[in-house]
S.K.: 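Just passing along the structure, written as structure tokens.
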Amino acid sequence: MKKIISILLAVLCMTAMFCSCNGKPDDTATTTSPVADKDAVYTSGDFNYVLLEDGTAKIVAYNKKEAPVDLKIPSNFDGVKVTVIGKNTFTSEHNIINVELSRHIREIEPYAFNKSSIKGIKYLSSKVETVKTNTFVECENLTQIVFCDTIKTLEDSAIYLGRMPRIIHFKVDPVSISPKAIDTGKSYENLEIKHYGDISNFKNVETYANMFDIGLILVDETNQ
């Protein structure tokens, strides 16, 4: 009898050890991502970024003085979606020319391109809805902007267009365009707004162009 009891105790001990190694508590620990430090600044390639509350990334700095001629904002850093370009990410100390936003970008903070040398920017597949005040402040070399389908609002002093020619492309008619949204430095002369599709679908763009006597050009989307 004692021998049988000893055997049963040994079996119970082995079972307990097995459960502790393969039980639910440890499963939970291995499948739960560690909590990221929201105050930490991380580096990926030429970019510094921080983590937002929703688990996505905001770019806070660009570390390369001489940027490529065509710089595309990464869609993710180390598997984390890049959704925001922060204030002063690109400034006068960065020699950037053309920038293309990645598909997850939903916000560009004011002064993100403060006094930068940028010449052109393409929103294309991004999710940005509002061009905020002073997004492109004193960007004297900025000559071309291509907006995406999601753009709805252009706030006061959102864009400073510099040297000629100066062209803005719209794929959809923004819900709201502030009369002070575009600053060309001197006048609206030689500024062209291009849009895609029937002019009847671009009433706000048409009104804005007429208000300032800006050239409005219909673009055949099939050729773009």
S.K.: Is there a side-chain contact between Thr91 and Phe113 in this structure, where contact means two heavy atoms from C-beta onward sitting under 4.5 Å apart?
M.R.: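 Not touching, per the 4.5 Å side-chain cut-off.
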S.K.: Do Val80 and Leu51 come close enough that some side-chain heavy atom pair is under 4.5 Å?
M.R.: yes
S.K.: Could you state whether Tyr208 and Leu218 fall into the same hydrophobic cluster, counting links through intermediate Ile, Leu, Val, Met, Phe, Trp or Tyr residues with side-chain heavy atoms under 4.5 angstrom apart?
M.R.: no
S.K.: State yes or no: are the ring centers of Phe170 and Tyr196 separated by less than 6.0 Å?
M.R.: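 Centroid separation for Phe170 and Tyr196: 6.0 Å or greater.
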S.K.: Is Lys115 salt-bridged to Glu140, going by a charged N under 4.0 Å from an acidic O?
M.R.: no
S.K.: Working to the nearest 0.5 Å, report the span between CD1 of Ile168 and OG1 of Thr143.
M.R.: 10.5 Å
S.K.: Check whether any side-chain heavy atom of Ile118 sits under 4.5 Å from a side-chain heavy atom of Ile97, and report yes or no.
M.R.: no
S.K.: Which distance, rounded to the nearest 0.5 Å, do you find between the NZ of Lys122 and the CD of Glu100?
M.R.: 6.5 Å
S.K.: Answer yes if the ring centres of Tyr62 and Phe90 are under 6.0 angstrom apart, and no otherwise.
M.R.: yes
S.K.: Near Phe202 CZ, under 6.0 Å, is it more than 12 heavy atoms from other residues, nucleotides or ligands?
M.R.: yes
S.K.: Thr83 and Thr56: side-chain donor and acceptor closer than 3.5 Å?
M.R.: yes
S.K.: Are any non-hydrogen side-chain atoms of Asn63 and Phe47 less than 4.5 angstrom apart?
M.R.: no
S.K.: Asn204 side chain to Pro174 main-chain N or O, any donor-acceptor pair under 3.5 Å?
M.R.: yes
S.K.: Among Thr135, Thr89, Asn134, whose side-chain hydrogen bond (donor to acceptor under 3.5 Å, both in side chains) with Tyr111 holds?
M.R.: Asn134
S.K.: Run the side chain to side chain donor-acceptor pair (under 3.5 Å) test against Ser125 and tell me which residues pass, sequence neighbours left out.
M.R.: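 With sequence neighbours excluded, Ser125 shows a side chain to side chain donor-acceptor pair (under 3.5 Å) to no residue whatsoever.
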S.K.: Quick check against the 3.5 Å criterion: does Glu155 have a side-chain atom that pairs as donor or acceptor with the backbone of Thr133?
M.R.: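 Yes, Glu155 side chain to Thr133 backbone: donor-acceptor pair under 3.5 Å.
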S.K.: Can a donor-acceptor pair be found between the side chains of Asp183 and Tyr160 at a distance below 3.5 Å?
M.R.: no
S.K.: Donor-acceptor pair, distance only, cut-off 3.5 Å: does the side chain of Ser178 make one with the backbone of Lys180?
M.R.: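 Present.
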S.K.: If Ile, Leu, Val, Met, Phe, Trp and Tyr residues are connected whenever their side-chain heavy atoms lie under 4.5 Å apart, and connections chain through other members, are Ile217 and Val172 in the same group?
M.R.: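 Each belongs to a different hydrophobic cluster.
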S.K.: Identify whether Val146 and Ile177 are in the same connected component of the hydrophobic contact network (ILVMFWY, side-chain heavy atoms under 4.5 Å).
M.R.: no
S.K.: Answer yes or no: is there an ion pair linking Lys127 with Asp149, defined by an N-O contact shorter than 4.0 Å?
M.R.: no
S.K.: So, Asp70 and Asn98: side-chain donor and acceptor under 3.5 Å apart, yes or no?
M.R.: yes
S.K.: Can you tell if the side chain of Val131 reaches within under 4.5 Å of the side chain of Ile108, non-hydrogen atoms only?
M.R.: no
S.K.: To the nearest 0.5 Å, tell me how far Met211 CE sits from Tyr188 OH.
M.R.: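 These two atoms lie 9.0 Å from each other.
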S.K.: Hey, are His169 and Gln144 close enough side-chain-wise for a donor-acceptor pair under 3.5 Å?
M.R.: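 The answer is yes; a qualifying pair exists.
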S.K.: Report the C-alpha separation of Asp54 and Arg106 in whole Å, then their side-chain angles, then the decisive distance to 0.1 Å, and conclude whether the salt bridge (charged side-chain N to carboxylate O under 4.0 Å, His left out) test is met.
M.R.: CA-CA 13 Å; Asp54 63 358; Arg106 65 183 183 225; 2.8 Å; yes
S.K.: Any chance you could measure Asn95, atom CG, to Glu93, atom CD, to the nearest 0.5 Å?
M.R.: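 Result: 10.0 Å between the selected atoms.
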S.K.: Would you please say whether a donor-acceptor pair under 3.5 Å links the side chains of Asn48 and Thr43?
M.R.: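 On atom types as modelled, these side chains qualify, holding a pair under 3.5 Å.
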S.K.: Looking only at atom types and distance, does a side-chain atom of Ser102 sit under 3.5 Å from a main-chain N or O of Ile73, one as donor and one as acceptor?
M.R.: yes
S.K.: Does Ile105 reach the side chain of Val128, with side-chain heavy atoms less than 4.5 Å apart?
M.R.: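 Result yes, sub-4.5 Å side-chain heavy-atom pair found.
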S.K.: Are Asp173 and Lys203 close enough that some pair of their side-chain heavy atoms sits under 4.5 Å apart?
M.R.: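 Yes. Closest side-chain heavy atoms under 4.5 Å.
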S.K.: Which atom pair, heavy atoms only, marks the closest approach of Ser117 to His94?
M.R.: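 Taking every non-hydrogen atom into account, OG-O, 3.2 Å.
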S.K.: Side-chain heavy atoms nearer than 4.5 Å, only ILVMFWY residues, links allowed to pass through others: does that put Leu154 and Val175 together?
M.R.: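 No, because Leu154 and Val175 fall into different hydrophobic clusters, even though each may have its own neighbours under 4.5 Å.
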S.K.: Would you give the length of the straight line joining atom OG of Ser116 to atom CG of Asn141, rounded to the nearest 0.5 angstrom?
M.R.: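 Result: 8.0 Å between the selected atoms.
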